[in-house]
Amino acid sequence: MRNRSSKRVVRSRAVWATAARLGQVHWFFGNVYEAMVDMPQLLADARSDRAPELLGAGSPLRYYLPVAPVTLAATAATLVGGWRSGGDRRAVIAAAAGTVSATALTAYLVRTVNLPLLRGDEPLGEAEVRGLVRTWHRGNLARLLALAVAMWALGHGARGEVAGENRLPRVHTKPGVRTSPPSR
């Protein structure tokens, strides 16, 4: 009975870790794409042709909103599981810090850049648009860095204890003695 329960826990951890990784990859490459197409400038250019709605055509919320809760919940579950199972605590802390930083930067960018571009119905001056675009690109670069750290640390921490996989045992040797890892 204990073996079956143990397998269920391992499978559950693996599912959460996979969902967390997929969500963070979606988040990262979604922001890379937005930077490549200059999303804030596109929103500013289309402002006169679209209704001032948060979930209207062209809004980034339409493709992030459904995935964000799953990504954050899966990441939290994976990190909590890694912490409780004695995983690499430095990796867990780095992944948590990167995820929290990316989330805070996202909240800041949505509030200071996206909302004025999506909801405002008054025309923006060229200097104001340039400032919003510059703010968004700088914040997005910092967010991408935070996400890269979080993804690396999540992958590092998820290898083994967090995902429930078995690691190869460490082989302790005397200095100068060469050994190979045990075969499976």
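Starting from 1, each residue takes its place in the sequence as its number. All of these numbers come straight from a predicted model, not from anything done at the bench.
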>> If hydrophobic clusters are built from ILVMFWY residues whose side chains come within less than 4.5 Å, do V92 and V149 share one?
In response: no
> Which atom names give the shortest non-hydrogen contact between A94 and A153, and what distance separates them?
Replying inline: CB-CB, 3.7 Å
>> In the structure I gave you, are the side-chain heavy atoms of Y64 and N31 within less than 4.5 Å of one another anywhere?
In response: yes
> Say you draw a straight line from CG of L105 to CG of N140; how long is it, rounded to the nearest 0.5 Å?
Replying inline: 9.0 Å
> Any chance CZ of R138 has more than 12 other-residue heavy atoms, nucleotides or ligands included, within less than 6.0 Å?
Replying inline: no
> Taking C-beta and beyond as the side chain, do L79 and L154 meet within less than 4.5 Å on heavy atoms?
Replying inline: yes
> Are L65 and V110 joined in one hydrophobic group, where the rule is that I, L, V, M, F, W and Y side chains link up if heavy atoms are under 4.5 Å apart?
Replying inline: yes
> Quick one: are L147 and T99 in side-chain contact, heavy atoms under 4.5 Å?
Replying inline: no
> Measuring from D88:CG to W83:CH2, what's the distance to the nearest 0.5 Å?
Replying inline: 10.0 Å
> Taking it one step at a time, do T75 and Q24 satisfy side chain to side chain contact (heavy atoms under 4.5 Å, CB included)?
Replying inline: CA-CA 8 Å; T75 301; Q24 291 204 344; 3.4 Å; yes
> Do P40 and V133 come within less than 4.5 Å of each other through their side chains, counting heavy atoms only?
Replying inline: yes
>> Can you tell me how far apart CZ (R130) and CD (Q41) are? Round to the nearest 0.5 Å.
In response: 10.0 Å
> Heavy atoms, side chains only, cut-off 4.5 Å: are R143 and W136 in contact?
Replying inline: yes
>> To check you understand the geometry: which heavy-atom pair defines the closest contact between R111 and P116, and what is its length?
In response: O-CD, 3.6 Å
>> Assess the residue pair L124 and L117 against the criterion (side chain to side chain contact (heavy atoms under 4.5 Å, CB included)); give the C-alpha distance rounded to whole Å, side-chain angles, the decisive distance to 0.1 Å, and a yes or no.
In response: CA-CA 9 Å; L124 296 173; L117 291 174; 3.7 Å; yes
> So do N114 and R119 actually touch side chain to side chain, heavy atoms under 4.5 Å?
Replying inline: no
>> Assigning hydrophobic clusters by single linkage (Ile, Leu, Val, Met, Phe, Trp, Tyr; side-chain heavy-atom cutoff under 4.5 Å), is L43 placed with V32?
In response: yes
>> Rounded at 0.5 Å granularity, tell me how far CG in L22 sits from OG1 in T71.
In response: 8.5 Å
> What heavy-atom pair brings A146 and A102 nearest, and what distance separates the two atoms?
Replying inline: CB-N, 3.9 Å
> In Å, rounded to the nearest 0.5 Å, how long is the span from CG of L72 to OG1 of T103?
Replying inline: 5.0 Å
> Hey, quick one: are F29 and W152 part of the same hydrophobic cluster, counting side-chain heavy atoms closer than 4.5 Å, chains of contacts allowed?
Replying inline: no
> Got a second to check how far E34's CD is from L109's CG, nearest 0.5 Å?
Replying inline: 9.5 Å
> Do the non-hydrogen side-chain atoms of W27 and M151 ever get within less than 4.5 Å of each other?
Replying inline: no
>> Membership question, hydrophobic clusters at under 4.5 Å side-chain separation (ILVMFWY): are V37 and L141 in the same one?
In response: no
